[in-house]
Amino acid sequence: MPRVKIAAGNWKMNGLAGSVSELDALIAGAAGGAEVVICPPATLIAAFAARARDSRVAIGGQDCHAAASGAHTGDLSAEMLADAGASHVIVGHSERRADHGESDAAVRAKAEAAWRAGLVAIICVGETESSRDAGDTLGVVGRQLRGSVPGGATAANTVIAYEPVWAIGTGRTPTLAEIAEVHDFMRADLASRFGTGAADGFRLLYGGSVKPTNAAEIFAVGNVDGGLVGGASLKAGDFLPIVAAAS
Ligand code: 13P
């Protein structure tokens, strides 16, 4: 079965109540067959989910704690995200790995927490510039995949995003051949763990400086099943052409 592409927006620490107008424009304008997910800051999840109900736009969180509840000041559980109306959650974003020291084991636990709450986990991997320069891109991505993607992963409960750290927010992207190399490698690595049939179903997103101008060529690369988009997801005018490119 052909994989349905996903256009996912990660708003990071951006967006106030007034930003709902961008969501409204996205809901009104999204056409085509791609799945669309917006991950606003947690403060907006409930309002966005209410607004997006019965639309084609799904709402996700940007992180979750591994536990369902407890003494973890400032954290949010996957159950809370689901309760607020989220259907997805990003785990292991490089900004979480760097800013909060999240290990592969921590990311794996968060992915399992997402499933426990009925959420789809969007698990992020990607090398730093120094790892790429050292020729260790596939080594890093392979270690993160094996460490961060739990054994219970299926195409239905998990999406994987390849986000080279050096391409995030920089306007720089790998060449299409470099993207293809990593995505082919990820598909093969998943096949070695889960079997070819199961691995074929996983959506593998590319993230890092995806723009309206480069989305179509990136999404046309084999084994690229859409994108995880930061800056260009904040305005419907930028994100709608990216949604169209994924359709
Ligand atoms: P940019 O699209 O702003 O480079 O961010 C990518 C990203 O980190 C999405 O999670």
Side-chain angles (χ1 to χ4, degrees), residues 5-15 19 22 26 34-42 44-45 48 57-64 81 86-100 102 107 110-111 114 119-129 131-132 137 140-141 144-145 148-149 158-176 178-179 182-183 186 203-219 221 224-246:
K5 284 188 164 58
I6 301 174
N10 173 10
W11 279 22
K12 308 190 180 185
M13 201 170 71
N14 297 288
S19 314
E22 297 299 332
L26 182 63
E35 285 181 24
V36 183
V37 185
I38 289 290
C39 302
L44 296 178
I45 289 175
F48 274 34
V57 177
I59 302 300
Q62 299 175 9
D63 175 52
C64 66
L81 300 178
S87 54
H88 294 66
V89 62
I90 298 167
V91 295
H93 192 282
S94 62
E95 288 151 16
R96 301 285 319 173
R97 291 178 186 263
D99 294 357
H100 300 273
E102 291 186 4
V107 175
K110 288 171 183 235
L119 303 179
V120 174
I122 303 174
I123 304 175
C124 302
V125 299
E127 82 286 0
T128 60
E129 184 155 35
S131 296
R132 178 163 282 272
T137 297
V140 169
V141 170
Q144 289 184 339
L145 263 188
S148 304
V149 179
T158 299
V159 172
I160 292 162
Y162 167 57
E163 299 205 309
V165 177
W166 54 273
I168 294 176
T170 60
R172 297 164 56 207
T173 56
T175 65
L176 298 179
E178 287 168 340
I179 294 173
V182 175
H183 280 244
M186 293 198 298
R203 269 82 62 83
L204 308 181
L205 310 186
Y206 167 79
S209 296
V210 174
K211 307 287 178 207
T213 46
N214 63 14
E217 62 183 17
I218 292 173
F219 298 167
V221 172
V224 174
D225 306 307
L228 181 56
V229 184
S233 72
L234 293 171
K235 297 280 174 214
D238 291 328
F239 198 49
L240 281 168
I242 296 173
V243 171

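Counting starts at 1 for both ligands and their atoms, following the listed order. All values below were derived from every heavy atom in this structure, side-chain atoms included, with hydrogens, water molecules and symmetry-related copies excluded.
Ring geometry for F48 against W11 counts as perpendicular: the plane angle is over 60°, on a 0 to 90° scale with 30° as the lower cut.
Nearest heavy atoms, A121 versus V91: CB-CG2, 4.5 Å. Nearest heavy atoms, I38 versus S233: CD1-O, 4.5 Å.
With hydrogens and angles ignored, the 3.5 Å screen pairs a side-chain donor or acceptor of K110 with a backbone N or O of C64. E163 places no side-chain N or O within donor-acceptor distance of the main-chain N or O of G126, the cut-off being under 3.5 Å. Not a single donor-acceptor pair under 3.5 Å links the side chain of E127 to the backbone N or O of P164.
When each atom of ligand 1 is checked for a heavy atom of E163 under 4.0 Å away, the hits are 6 (C), 7 (C), 8 (O), 9 (C), 10 (O). Within ligand 1, counting atoms from 1 as listed, the ones closer than 4.0 Å to a heavy atom of S209 are 1 (P), 2 (O), 4 (O).
At least one heavy atom of G208 lies less than 4.0 angstrom from ligand 1. Taking a 4.0 Å cut-off on heavy atoms, G207 fails to register as neighbouring ligand 1. Close to ligand 1: K12, with a non-hydrogen atom less than 4.0 angstrom away.
Among all non-hydrogen protein atoms, the one lying nearest atom 3 (O) of ligand 1 is G231 N, 2.9 Å. Nearest non-hydrogen protein atom to atom 2 (O) of ligand 1 is G230 N, 2.8 Å.
Within the 4.0 Å heavy-atom criterion, the part of N10 lying near ligand 1 is the side chain and not the backbone.
Among the atoms of V229, none of the N or O lies under 3.5 angstrom from an N or O of ligand 1. Ligand 1 has no nitrogen or oxygen under 3.5 angstrom from a nitrogen or oxygen of T170.
Among the candidates V107, L228, L205, the single residue satisfying the side-chain contact (heavy atoms from CB on, under 4.5 Å) test with C124 is L228.
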